[in-house]
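Quick note: residue numbers are just sequence positions, from 1. As the structure lists them, so they are numbered: ligands from 1, and atoms in each ligand from 1.
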Amino acid sequence: MEAAGAATPPQPPATHPVVAPLAFLLGKWRGEGEGSFPTISSFRYGEELLFSHHPSKPVISYTQKTWKAASGEPMHAESGYWRPRPDGTLEVVISQSTGLAEVQKGSYDAEKKTVTLQSELVGNASKVKQITRAFQVADGELSYVVQMATITTSLQPHLKALLKKI
Ligand code: HEM
């Protein structure tokens, strides 16, 4: 039995304070999406997203993988780091399996559980000029829209998906 008055050892926080407003993203999500663009045939895909972090670091690690909905064959994959700041802004770096590299900047709303990002840099891309990403968690489901602009086509949706926490 603990001696009366003994100090409880300090517990480390479960989430780094800078990451805490984005806790609604943390965990593993799985679902389905639809891809489209004026220059391609639309397609359906399965997707898994993992947002993980360590309480000692002010950063979220991000990995994504996708597969063809019909056959399960792997499609696009990407990974990176989400770096929130206490003022509600964040920067995200992403490397894609196609070789494309992104630096995204934007903001989050902890109450609405939304994140909006716009590319500041799109590197090593032959066609892509700009990428925007918008995420929302509502009723326990994560949805997002990814838009892109290319050398031939103005900014419009390429990907929309809905995922559940697993
Ligand atoms: C086509 C970029 C994510 C599947 C394309 C094209 C570009 C592109 C530039 C060609 C468009 C054109 O020729 O006008 C991107 C970027 C992504 C992304 C920047 C992420 C930000 C994904 C993901 C998937 C995917 C996650 C799969 C789940 C496809 C497919 C095509 C395509 C199937 C059509 C290919 C073809 O018809 O040859 N994408 N993509 N893309 N993308 Fe993405």
*Asks:* What protein heavy atom sits nearest atom 14 (O) of ligand 1, and how far off is it?
*Replies:* T39 OG1, 2.6 Å
*Asks:* Is atom 35 (C) of ligand 1 less than 4.0 angstrom from at least one protein heavy atom?
*Replies:* no
*Asks:* Can you tell me which portion of Q64 lies within the under-4.0 Å heavy-atom range of ligand 1? Options are side chain, backbone, both, or neither.
*Replies:* side chain
*Asks:* For atom 17 (C) of ligand 1, find the nearest protein heavy atom and state the residue, atom name and distance (0.1 Å precision).
*Replies:* Q96 OE1, 3.8 Å
*Asks:* Is there a donor-acceptor contact under 3.5 Å from the side chain of S119 to the main chain of L121?
*Replies:* no
*Asks:* Which ligand 1 atoms are under 4.0 Å away from a heavy-atom of V146?
*Replies:* 21 (C)
*Asks:* Quick check on contacts: which atoms of ligand 1 are under 4.0 angstrom from a heavy atom of Y45?
*Replies:* 28 (C)
*Asks:* With a sphere of 6.0 Å drawn around NZ of K165, does it hold more than 12 non-hydrogen atoms of other residues, nucleotides or ligands?
*Replies:* yes
*Asks:* Rounded to the nearest 0.5 Å, what separates atom CZ in F135 from atom CZ in F24?
*Replies:* 10.0 Å
*Asks:* Less than 4.0 Å from atom 38 (O) of ligand 1, is there any heavy atom belonging to the protein?
*Replies:* no
*Asks:* Should K127 and M148 be marked as a side-chain contact (heavy atoms from CB on, under 4.5 Å) after you check the CA-CA gap, both sets of side-chain angles, and the distance that decides it?
*Replies:* CA-CA 10 Å; K127 290 184 177 173; M148 68 177 173; over 6 Å; no
*Asks:* Which is it for L159 and ligand 1 at heavy atoms under 4.0 Å: side chain, backbone, both or neither?
*Replies:* side chain
*Asks:* Start with the C-alpha distance between W82 and F51, add both sets of side-chain angles, then the distance that settles ring-ring contact (aromatic ring centres under 6.0 Å, His included), and finish with yes or no.
*Replies:* CA-CA 9 Å; W82 293 48; F51 293 94; 5.1 Å; yes
*Asks:* Give the residue and atom name of whichever protein heavy atom lies nearest to atom 13 (O) of ligand 1, and the separation in Å to one decimal.
*Replies:* K127 NZ, 2.6 Å
*Asks:* What is the closest protein heavy atom to atom 25 (C) of ligand 1, and at what distance does it sit?
*Replies:* F43 CZ, 3.6 Å
*Asks:* Specify whether the nearest protein heavy atom to atom 11 (C) of ligand 1 is under 4.0 angstrom away.
*Replies:* yes
*Asks:* Going by the order shown, which atoms of ligand 1 are within less than 4.0 Å of some heavy atom of T66?
*Replies:* 27 (C), 28 (C)
*Asks:* Tell me whether E47 contacts the main-chain N or O of G31 through its side chain, where contact means a donor paired with an acceptor under 3.5 Å.
*Replies:* no
*Asks:* Among protein heavy atoms, which lies nearest atom 42 (N) of ligand 1, and at what distance?
*Replies:* H158 NE2, 3.1 Å
*Asks:* Quick one: look up the protein heavy atom nearest atom 8 (C) of ligand 1 and list residue, atom name and how far away it is.
*Replies:* M148 CE, 3.4 Å
*Asks:* Counting non-hydrogen protein atoms only, what is the nearest one to atom 19 (C) of ligand 1? Give residue, atom name and distance.
*Replies:* I131 CD1, 3.7 Å
*Asks:* Could you list the residues that satisfy salt bridge (charged side-chain N to carboxylate O under 4.0 Å, His left out) with K164, not counting sequence neighbours?
*Replies:* E141
*Asks:* Going hydrophobic residue to hydrophobic residue with side-chain gaps under 4.5 angstrom, can you get from Y81 over to L49?
*Replies:* no
*Asks:* What residue and heavy atom of the protein are closest to atom 9 (C) of ligand 1, and at what distance?
*Replies:* V128 CG2, 3.5 Å
*Asks:* Strictly distance-based, threshold 3.5 Å: is any side-chain N or O of Y108 a donor or acceptor partner for the main-chain N or O of R85?
*Replies:* yes
*Asks:* Spell out, as yes or no, whether a donor-acceptor pair under 3.5 Å connects the side chain of S97 to the backbone of A77.
*Replies:* yes
*Asks:* Is the distance between atom 43 (Fe) of ligand 1 and the nearest N/O/S atom of H76 smaller than 2.8 Å?
*Replies:* no
*Asks:* Short question: side chain of H158, backbone of F37 - any donor-acceptor pair under 3.5 Å?
*Replies:* no
